[in-house]
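The structure under discussion appears below in the form of structure tokens.
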Amino acid sequence: MSSIAVVGTGYVGLTTAACLADLGHSVVALDIDESKIAVLNQGKPTIYEPGLDDVMSRGLAAGRLHFTTQYRDAIPEAEFVFVAVGTPMGRRGEADLVFIKQAAKSIAGAMKKTLTIVNKSTVPIGTGNIVARIVGENLEHEIPFSVVSNPEFLREGSAIQDFMHPDRLVFGSHDEAAAHAVAGLYSKLDTRILITDLHTAEMIKYASNAFLATRISFINEIARICERVDADVKVVAEGMGLDRRIGPMFLDAGIGYGGSCFPKDVKALARMAETLGYHPELLDAVMEINVDQRTLFVEKLREVLGGLRDQVIAVLGLAYKPNTDDVREAPSIDVINSLQQKGAKVRAYDPKAMPVLKKIMNGIDYCADPYKAAEGADALLLVTEWEEFRTLELDRLKRIMRRPVVVDGRNLYDPKQMRELGFVYRGVGRS
Ligand code: NAD
């Protein structure tokens with residue numbers, strides 16, 4: 001079993017630290033955010049992620065998982081350090097590497113012995129070389145080290161499951177032995193291992209996210225055409241997905257992709273291509289369709305209601321997807337902003353994300369449950385497909401709303417049933 005440090009305790013870092021400890025390694029997880037570490041040191045997760053509290057508790061009880069704010073507590077004894085800091089979107093759409101560079105510098109400052117630096121953050125191609133340069137420049141005396149890219153593919157909402165049962169693991173490095181050593185840390189997992197060079201590993205992550213985003217924008221474009229030819233995109237997607245060459249995943253037409261990864265990663269890849277003299281036509285179209293999808297959603301509502309001024313709109317779902325409290329780049333934010341700009345009064349309900357959104361958005365009437373949000377409302381917008389919204393008592397909703405208008409951004413409900421119940425119902429791509 002190995003001695004591991006994890007830098008950054010966000011969604012990726014905390015999951016990685018807790019799961020590596022569960023695999024039997026000794027893990028110290030580090031964050032510069034003192035408030036996060038204070039909560040983690042009480043044994044409480046700082047994010048909502050199914051199963052995380054159990055995995056964390058096991059690690060803490062076994063004495064294999066520790067948290068700190070100090071590089072000098074985490075790095076000197078470590079054989080491997082995983083870097084899982086944020087790589088947010090910079091001002092021109094590029095990935096901002098400020099946290100990666102700071103982490104590299106701090107790791108170098110605390111290193112006492114040979115170390116393998118494993119990058120989990122999603123980074124532009126070549127970042128591993130930048131990390132190596134910064135570490136080399138900041139070491140007090142010569143210590144051997146390697147840099148390995150081990151991109152993360154977990155999905156928020158099923159992060160623990162994804163970590164423990166990955167489709168594949170990718171390790172890329174100029175130092176093949178180091179890549180194999182990092183792969184060895186996961187030897188208990190039954191999965192495909194791909195060892196590559198550094199640049200290829202970094203590119204696999206961007207290409208994967210860009211491809212999934214492309215599927216979503218593709219089906220949303222098909223949905224727009226479906227609305228014009230009187231076809232049902234949900235059934236179209238089902239028919240496409242049964243083809244093994246296509247498969248069913250990421251073919252749900254709706255309000256578009258959001259979250260902390262797809263928007264920034266597609267943009268960063270496009271931006272990187274442009275700085276290298278290549279114009280990424282397809283990626284640009286993917287992003288444009290995605291932005292328009294949110295606008296079209298509000299437009300659909302405006303058309304049904306004949307205007308939005310002073311209308312009371314119930315928004316169900318704020319997280320960018322179900323089973324997470326993450327609202328980064330969530331469609332709900334653009335939709336609510338647009339509703340408010342047009343003079344609508346917004347009520348909202350989300351099972352997990354309300355405390356997070358409350359910190360960044362004002363002027364919303366946050367409600368205790370979906371029915372409180374819907375009571376007296378002129379329309380209900382379904383923005384996130386939480387499981388509990390599938391089983392709402394629709395006839396009760398119909399009774400308590402002022403006008404029975406439902407605009408369903410996730411095609412959660414059956415149009416025929418909704419019409420039979422007396423709703424004015426609009427889905428996406430289901431004319
Ligand atoms: P996050 O913002 O939730 O967490 C990042 C953490 O790093 C924060 O707690 C922050 O305080 C900490 N940090 C910043 N600078 C630091 C430093 N110098 N030293 C120590 N800690 C520092 O981010 P996240 O969602 O976990 O994403 C991390 C990376 O993983 C990003 O590159 C992201 O693109 C990628 N990724 C994310 C997901 C996901 O679903 N969230 C999935 C795959 C890959």
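Numbers here are sequence positions counted from 1. Since the structure is predicted, the reported quantities are computational estimates derived from the model, not experimental observations. All ligand and atom numbering here is 1-based and tracks the order in the structure.
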Next on the checklist: Residue by residue, ordered by chain and number, which ones reach under 4.0 Å of ligand 1 with a heavy atom?
Outcome noted: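 Within 4.0 Å of ligand 1, protein side: V7, G8, G10, Y11, V12, L30, D31, I32, D33, K36, Y71, A84, V85, G86, T87, F99, Q102, A103, S121, T122, E152, L154, E156, K205, S260, C261, K264, R328.
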Next on the checklist: According to ring pair (Phe, Tyr, Trp, His ring centres under 6.0 Å), who are the partners of Y413, at least two apart in sequence or on a separate chain?
Outcome noted: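 Y413 satisfies ring pair (Phe, Tyr, Trp, His ring centres under 6.0 Å) with no residue once adjacent residues are dropped.
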Next on the checklist: Holding to ring pair (Phe, Tyr, Trp, His ring centres under 6.0 Å), I want the full list of residues that pass it with F297, two or more places apart in sequence or in another chain.
Outcome noted: none
Checklist entry - Given side chains that start at C-beta, do those of L318 and I336 come closer than 4.5 Å, heavy atoms only? => result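 Sidechains of I336 and L318: in contact.
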For residues 1-15, tabulate all N or O donor-acceptor pairs below 3.5 Å that involve a side-chain atom, not counting sequence neighbours.
unit_1: T9; atom_1: OG1; unit_2: D31; atom_2: OD2; d: 2.9
unit_1: Y11; atom_1: OH; unit_2: D325; atom_2: OD1; d: 2.6
unit_1: T15; atom_1: OG1; unit_2: Y11; atom_2: O; d: 2.6

Next on the checklist: If we check salt bridge (Lys or Arg N to Asp or Glu O under 4.0 Å) with E227, which of these qualifies: R430, K300, R426?
Outcome noted: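 Only one of R430, K300, R426 forms a salt bridge (Lys or Arg N to Asp or Glu O under 4.0 Å) with E227, namely K300.
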Next on the checklist: Between Y186 and F171, is the ring centroid distance below 6.0 Å?
Outcome noted: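 When the ring centroids of Y186 and F171 are compared, they turn out to be within the sub-6.0 Å range.
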